[in-house]
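Right, one structure below, let's go through it.
Treat the numbers as computed from the prediction; the structure is a model and nothing was measured.
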Amino acid sequence: MEISIVDREEFIDEPGKEELVHLIERILAYLDLSARSELCVSLVSDVDMRELNRRYRQIDATTDVLCFPQKSDVSPDLLGDIVISHQTAARHARKLGITVDEELRLLIVHAVLHLLGFDHKKKKERETMRKKEKEVLSYLAD
């Protein structure tokens, strides 16, 4: 698997990046994805996330996570890009009474499922996606 972590703001240290890579490898393996899978996760500031959200979704606000799928018939192993606002993740973690690592784990599972085609716009889709999120998070907790 080729997993890249981009963190220009240095929100996490090198051991933290290695832990994220290991986490993502476990998620992709659990979801039975190819050992040739490629994925990039970028940790950005709220300012950068707001700009991305404005540019790609026409929403002038920050958000916790954005996904940019790349998978196609031509490149089936190229899953895409995940962008996470580390600052928003930290705020959400404080509000929820969990660690930032726990929030990042949830966001990455959520985002990987989006890259695989899961969605939550409709009730049935949301139920299916939430069930799969819980399944993967339960696996990761073991």
*If you measure from CD1 on Ile12 to CD on Glu10, what distance do you get to the nearest 0.5 Å?*
10.5 Å
*asked:* Return the CD to CG distance between Glu25 and Leu39, rounded to the nearest 0.5 Å.
replied: 10.5 Å
*Is it possible for you to say whether Phe118 and Leu66 belong to one hydrophobic cluster, with membership spreading through side-chain heavy-atom contacts below 4.5 Å?*
no
*When you measure from the side chain of Thr128 to the backbone N and O of Lys124, does any donor-acceptor pair fall under 3.5 Å?*
yes
*Are Arg54 and Glu51 within salt-bridge range, i.e. N to O under 4.0 Å?*
yes
*asked:* I'd like to know if the side chain of Thr88 pairs up with that of Asp46 as donor and acceptor (distance under 3.5 Å, no hydrogens or angles considered).
replied: yes
_Keeping Gln58 on the side-chain end and Arg55 on the backbone end, is there a donor-acceptor pair under 3.5 Å?_
yes
*Nearest heavy-atom pair of Leu115 and Phe68: which atoms, and what distance?*
CD2-C, 3.7 Å
*Of all the heavy-atom pairs spanning His120 and Arg126, show the shortest one and how long it is.*
O-NH1, 3.1 Å
*Would a hydrophobic clustering, with Ile, Leu, Val, Met, Phe, Trp and Tyr connected at side-chain separations under 4.5 Å, put Val100 with Val41?*
yes
*Are Leu137 and Ile98 co-members of a hydrophobic cluster defined by side-chain heavy atoms under 4.5 Å apart?*
no
*asked:* The test is side chain to side chain contact (heavy atoms under 4.5 Å, CB included); show your working for His92 and Leu106 and say whether it passes.
replied: CA-CA 11 Å; His92 286 179; Leu106 174 61; over 6 Å; no
_Working to the nearest 0.5 angstrom, can you tell me the gap between Ile3 CD1 and Glu18 CD?_
12.5 Å
*Provide the closest heavy-atom pair for Val83 versus Met49 in the form atom of the first, atom of the second, distance.*
O-CE, 3.2 Å
*asked:* With heavy-atom distances below 4.5 Å as the criterion, would you say the side chains of Arg91 and Arg94 are in contact?
replied: yes
*asked:* Once rounded to the nearest 0.5 Å, what's the spacing between atom CZ of Phe11 and atom CD1 of Ile5?
replied: 14.0 Å
_A side-chain contact here means heavy atoms from C-beta on lying under 4.5 Å apart; do Asp77 and Glu2 qualify?_
no
*Is Ile59 reachable from Ile82 through a run of I, L, V, M, F, W or Y residues, each pair having side-chain heavy atoms under 4.5 Å apart?*
no
*Can you name the closest pair of heavy atoms from Glu103 and Leu96 and give their distance?*
OE1-CD1, 3.7 Å
*Do you know which two heavy atoms are closest between Arg8 and Val6, and how far apart they sit?*
NH1-CG1, 3.7 Å
*For Ile108, check side-chain contact (heavy atoms from CB on, under 4.5 Å) against everything at least two apart and list the hits.*
Leu20, Leu23, Ile24, Ile27, Ile84, Val112
_Any side-chain heavy-atom pair of Leu104 and His86 under 4.5 Å_ = yes
*What are the two closest non-hydrogen atoms of Ala61 and Asn53, and how far apart are they?*
O-ND2, 2.9 Å
*Rounded to the nearest 0.5 Å, how far does NE2 of His110 lie from SG of Cys67?*
6.5 Å
*Between NE2 of His114 and CG of Leu79, what distance do you get to the nearest 0.5 Å?*
14.5 Å
*Answer with yes or no whether the hydrophobic clustering places Val44 together with Val47; edges join I, L, V, M, F, W, Y residues whose side-chain heavy atoms lie under 4.5 Å apart.*
no
